[in-house]
Structure formats: C-alpha cells, structure tokens
Protein chains: 2
Amino acid sequence: MTLTDLRYLVALARERHFGHAAERCNVSQPTLSVAIKKLEEELAVTLFERSAADVKITDIGARIVAQAEKVLLEAGQIKEIATAGRDPLSGPLKLGVIYTIGPYLLPHLIPRVHAAAPSMPLLIQENYTARLAEALKRGDLDVIVVALPFEEPGIVTQAVYDEPFRVLLPAGHGWESEERIPASRLAEAPLLLLGAGNCFRDQVLEACPLCRSGEGLQRTLEGSSLETIRHMVATGAGITVLPSAAADPLPGGNSLLTVRPFTTPEPFRRVALAWRVTYPRSGAIDVIRAAILDSPLQGVKPVGRGSPLPVG
Amino acid sequence: MTLTDLRYLVALARERHFGHAAERCNVSQPTLSVAIKKLEEELAVTLFERSAADVKITDIGARIVAQAEKVLLEAGQIKEIATAGRDPLSGPLKLGVIYTIGPYLLPHLIPRVHAAAPSMPLLIQENYTARLAEALKRGDLDVIVVALPFEEPGIVTQAVYDEPFRVLLPAGHGWESEERIPASRLAEAPLLLLGAGNCFRDQVLEACPLCRSGEGLQRTLEGSSLETIRHMVATGAGITVLPSAAADPLPGGNSLLTVRPFTTPEPFRRVALAWRVTYPRSGAIDVIRAAILDSPLQGVKPVGRGSPLPVG
DNA sequence: CGATGGCGATAGGCTTTAACTATACATGGG
DNA sequence: CCCATGTATAGTTAAAGCCTATCGCCATCG
C-alpha cells in the first residue's frame, strides 16, 4: 500500500470509472486497474463492484476511501510544513550569549532581529562560554555569541567585532589625570574581577601578566556581574576593567565613575558567532550577524571574516 | 514521498542513528541513508543534522516527523478497517422484500439473521418487484426476496422455496364443503385482487386463465394489501387467493374465514433471492437463505439450487 | 440476432527505483 | 597520527510501476 495507490483509490471512488480516474491521475487505465486490484488483494477486501454498466463502491470500500482521504490530507500537510519551514528566517532561533555581552548587546539586537526576521523569535540564554558550548553541541542552542578563542570539534566560528577594554575608576581616583592607562599598571590597584568561568576574567588577567602571576591586588567576586562590579567601583571598593560596550556609555550622567582607555596596544576581545557545522539555517545566522553589526556598541570595530586574530 | 520513506523518517527520529534505525526497519544502513536524503531533497529542507558524534533532528524535521507519525497512524487505520470489514457478516445488509412476502417472512427472518450474524443489521425495504430490481441494480439494495421469474442483466437469482396458493373464503361460503378447489372455478366468484405492480396478482391471474381474459368477476383493489383483502373477504365482499404463508396460519381463531387448497396441480410461486453478480458478500446471502429456510412459513417447500421451475 | 462499441482485465516489455554489498570518506578519541 | 565509529557513495540486481496492445464481457442497436 503506497500513497500512490491511495490516490488511485480515491480518484476511482470519485469518478466511478477506471478510465476517467486514470486520466485524472495521469496514468493509463491498466495501471490504475492493476493498482486497485493489488490493493484489494493486499487488504483482502473487495473495494469496488465492477460491472459493464458502472463501478460501484462497496460499503467497506467507502469506509476505506474515507480513511485514504484522511491519509492523503495528512500527507499533504507534510509538504505544507516543509514549504513553510523552508525559510531559514521562520521558526524560533535558540541564541546563547555570554554574560559579559548579553546585557549590552541584547537590548539592541532583539528589536533589530525582530525587524529583519519577524517570524523568527529568539529564545535567549545567557551563560558561561563552557555552558553555551555544551548546549550548542547538544542542540539546545543554535547559535552562540562568545569571545575568541573558541575551538570546539564540529563547531565553526565567525568573528564579528573587536571590542577594546577600558579601565573603570571611581571618580576622583588618582589615575583620572591620565589620558590612557598602561595595562601593566592594573597590578598596582585593587582590581575587582569576575569569578572563574567568565572568559572576560581570563582575558583581563591575560592583558596584565603581573595580575595573573598573583602579584596584583585583585579580588575575585564569584557569582557576580559586570554591573555589580561597576557599582562596587562607584563606591570606591576598587577599580575594574570593562569591555567598551559596557564602559563607554557610562560617564553620561554618572559622575561617580570615570572611564579611561588603555595605552596602545589596547587589550581587546574578539567577539564571534559560533554554530554547529551542520546547522542548516545559515540565513538565520547572517541575520544575527547583521543585527549585531547594526547595534550601537560603543568602541567596537567590525571584523571581516578574514581578519586574523592578533596576539592578545 | 512514500509511506516507506515516512517509516524510515520516524525510525531515524526515534533512534537518532542511521544504522539502528535501518535495523529496526529491516533494511541496510545505505538504504535508509539514501531514502532520508531523497526525502530531504524532495521537501527541500534539512530534516537531520548529521555529524560523527550523533544525529540531531532539526526543528522543522521534528515537526515533519510528528506529521509523518500522524500519516502512518491513519494509514494503519486502513488495514484495521479492512480487517474488520473482511467478515461478510459484519456491516449492514440492505434487504428488499416484495409486499406479499414481507409481512409473513420478516417477523421470522429478522431474529434468525440477528442470531446468526449479530453484527449484520438488516436495512429493510418492502416494495414492488420492479422497484426492488431498480434499487438492487443501483446498489441501494444488496439482496432482494422476489418471486420468479425474475431476469435482469447483471443479477443472479437463487430459488429458495415454492409456496402454494390457497383459496380464502368467507365462513359459510358454498365452497366450504369442497376439500380442494380447482383454479378454473375462481372465475365464478367475485375475486378480490391486488393492484397492478404486485407480481402476486399476475401469478393468480395466470393460475386462472378465465379470470385473465376478463371473463371472471374479479375486482382489483389498487394500493391495497393482502391483509386488507383478507378483512374484506371476512366481511363477505368476495373471495381471494393467498400464498400459503399468509393463508395457512389463519383459521386458528378466526371463524370468519375458511382456507382451501387448490386441486393438483396446485398453483404456486417460486420465491428466490436475487443479487448483483458482482456483490462480494456471498456469505451474507447464505445467512439470509438459511434464515428464510429456517423460518416456519406454512405450506412452503424448500427448493434445491438445481430444481427446475415447473411450468406455472 | 449478429454487429458494434464501451469498458475493465490481462499480457508482454520497458524504465525506474529501491534494495543490497562493498567501499570510500569524515570525525572525534586514544 | 592512526584507529574506531558512523555516514555517504558506487555499482549491481531484483522488483515495481507503468505503458501499449489486446482480449473478453456485456449492453445496445440496426
């Protein structure tokens, strides 16, 4: 029993004439004749009473035809679903973002994605890089926004932008007079850091080798966030380093904080999109990338696909 | 897209492993692999993300699998329906009976058929032979009970029983003294007859050539029934001829009527079943025949299939 | 009553396809 | 860097699906 057989069956039930039904199915009369006969043998029931005068459907045949119509209808739905789902911009996209990007990117990203792809709702998760990577590989996420380097088997990445780091000082801090701060001086101050698991923490420590070797005055705030640290800096608990998108918007009406760039070469992070090589909705990823680049993230510099990652 | 493809699809969605899914479908891994690939091409969507690690279903794939399961379920119903309907004794049987048999046969027939085939309800229509024949050919009826001769293209008949005719006299009628009445004498009395269309009327006239030639005193009662005529005989309006099944049960407590057989050769009618040659539920017909023969119809003689129809 | 025409069944042959085995290729892990 | 695992591809064979041609049945009509 095939779907073709069922199509022949309902055609014959409608036409009550082998020739006409065959024509409607674009096959020859013997084809339809044989198919119906085989179907009757397979089901071991007589579906039609044939006579010279006309073709009558049996009671059991009528019931089976009704069911066959249901099957064909449902089968047709498959094509419908496929057609509707063919658009990569249709259907929800599961997006992961690291904690140190989410709060600054998402408010801009979400409306832009919605404008570009109205039928692609975003299901967003913020988490550590490692957790996002797991979820991505499991299939719980489709695309993630992380900082490079990010290497995982089966995962491809695409750099989107470089984001310089800034020094955040409490107002009135001694370094306020400096136009730019050398990264090496971070070891001199009480540096407030995010907890382990945040890649941004590692990148800050990488920018300041002395801090990393434990010679600095840094203090780790487990389970905290950049926003919390910012408030702590404002109260004079220490200084910190923020990515530009988090730091640059600040001084606006906030007289308790001062932002200073680093001296060149500025430490920075390269932010990238990552997805499974096998992920089929590349169009959706393009939309995400475009929306990120369209977002007003202060201080960031777009990165072409070919740009090499300079030594951090 | 075939039902087989959908089975492969569902199996793969369950197993998330081409090899295992193929095994479950009793086919080789390449077979399933190719089938899925073709399905994806046909639908122009990616249903699964394949990687060395594992097989992940896409969102659109999951929706299509759900629909495919629905299709397979409905398709399975077809086999169920066929299996359930394979029994010829299952499902209603549309039975037609001529007016001059119905009232005497049906009260016996119905319970017997119900006992023999509880899941074969009878849908009964009483009518003239011509109307029954039409309905039978149209397919509105499946089997009819008529009197022979009955010849229609595409229709086969099977004699069931012979039923002799009786003379019905009002009590006190002069012929009461006679043991048996010769058919020729019917022309001497006011003979009450059914209207045209009733085959029984014709058969009575055939038994009495003088009546037929219009030399008798017969009176036709259009739109009437044997029961009505019987009451009229009781009131002394005339005499009539009844089939034995209608006549023989009468004298019991009815002192107003007298029944007399004819002299040999007794006029009689041969009652038969008729159905379309193409009608597939021969088992149902056998049940009807058996139930008729089991019914206590007074005076009737069962007829073997081979019995020739004697000249009426 | 035999000829005719419509219609479904059957036969024979061709093309497509669905299946198998064997093997190549890709990937993550030791 | 090679191996184990798992999927894709190639090549072959058997079956299926379809077509054309034709048969056989029945009903109608001259």
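Just so we're on the same page: letters track the sequence lines, and every chain starts at 1. These numbers come from the heavy atoms of this one structure, side chains and all, not from hydrogens, waters or symmetry mates.
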Atom [atom1] of [X] to atom [atom2] of [N]: distance rounded to whole Å?
| X | N | atom1 | atom2 | value |
| --- | --- | --- | --- | --- |
| A:Glu151 | C:dG28 | CD | C1' | 15 Å |
| A:Glu23 | C:dG8 | CD | P | 12 Å |
| B:Gln29 | C:dT23 | CD | C1' | 11 Å |
| A:Ile36 | C:dG8 | CD1 | C1' | 12 Å |
| B:Leu3 | D:dA16 | CG | C1' | 15 Å |
| B:His20 | D:dT5 | NE2 | P | 11 Å |
| A:Glu49 | D:dC26 | CD | P | 15 Å |
| B:Arg276 | D:dA27 | CZ | C1' | 18 Å |

Choosing from [options], which nucleotide comes nearest the side chain of [X]?
| X | options | answer |
| --- | --- | --- |
| B:Pro30 | D:dC18, C:dA19, C:dA22 | C:dA22 |
| B:Val34 | D:dT7, C:dA9, D:dT9 | D:dT9 |
| A:Pro153 | D:dT7, C:dG28, D:dC19 | C:dG28 |
| A:Lys37 | D:dA8, D:dG6, C:dT10 | C:dT10 |
| A:Ser28 | C:dT10, D:dC19, C:dC20 | D:dC19 |

Whether [X] contacts [N] is assessed here as follows: a side-chain N or O lying under 4.0 Å from the phosphate OP1 or OP2. Is that the case?
| X | N | value |
| --- | --- | --- |
| A:Ser33 | C:dG8 | no |
| A:Thr31 | D:dC19 | yes |
| A:His17 | C:dG8 | yes |
| A:Arg50 | C:dA9 | yes |

Quiz item: For A:Ile155 and B:Asn26, take the nucleotide of DNA chain C holding the closest heavy atom to each; which residue's nucleotide lies nearer the 5' end?
Solution: B:Asn26
Would you say [X] has more than 12 foreign heavy atoms packed within less than 6.0 Å of its [atom1]?
| X | atom1 | value |
| --- | --- | --- |
| B:Gln77 | CD | yes |
| A:Glu151 | CD | no |
| B:Glu126 | CD | yes |
| B:Lys70 | NZ | no |

When we call it a touch if two heavy atoms are under 4.0 Å apart, what does [X] touch: a base, just sugar-phosphate, or nothing?
| X | value |
| --- | --- |
| A:Asp54 | nothing |
| B:Lys38 | sugar-phosphate |
| B:Tyr8 | sugar-phosphate |

Quiz item: Can you tell if the side chain of A:Leu109 reaches within under 4.5 Å of the side chain of A:Ile292, non-hydrogen atoms only?
Solution: yes
Quiz prompt | 5' precedence on DNA chain D between A:Ala35 and B:Gly19 (nearest-nucleotide basis) | solution = B:Gly19
Quiz item: Going through the distances and angles, do B:Gln158 and B:Leu148 end up as a side-chain contact (heavy atoms from CB on, under 4.5 Å)?
Solution: CA-CA 9 Å; B:Gln158 180 186 28; B:Leu148 296 182; over 6 Å; no
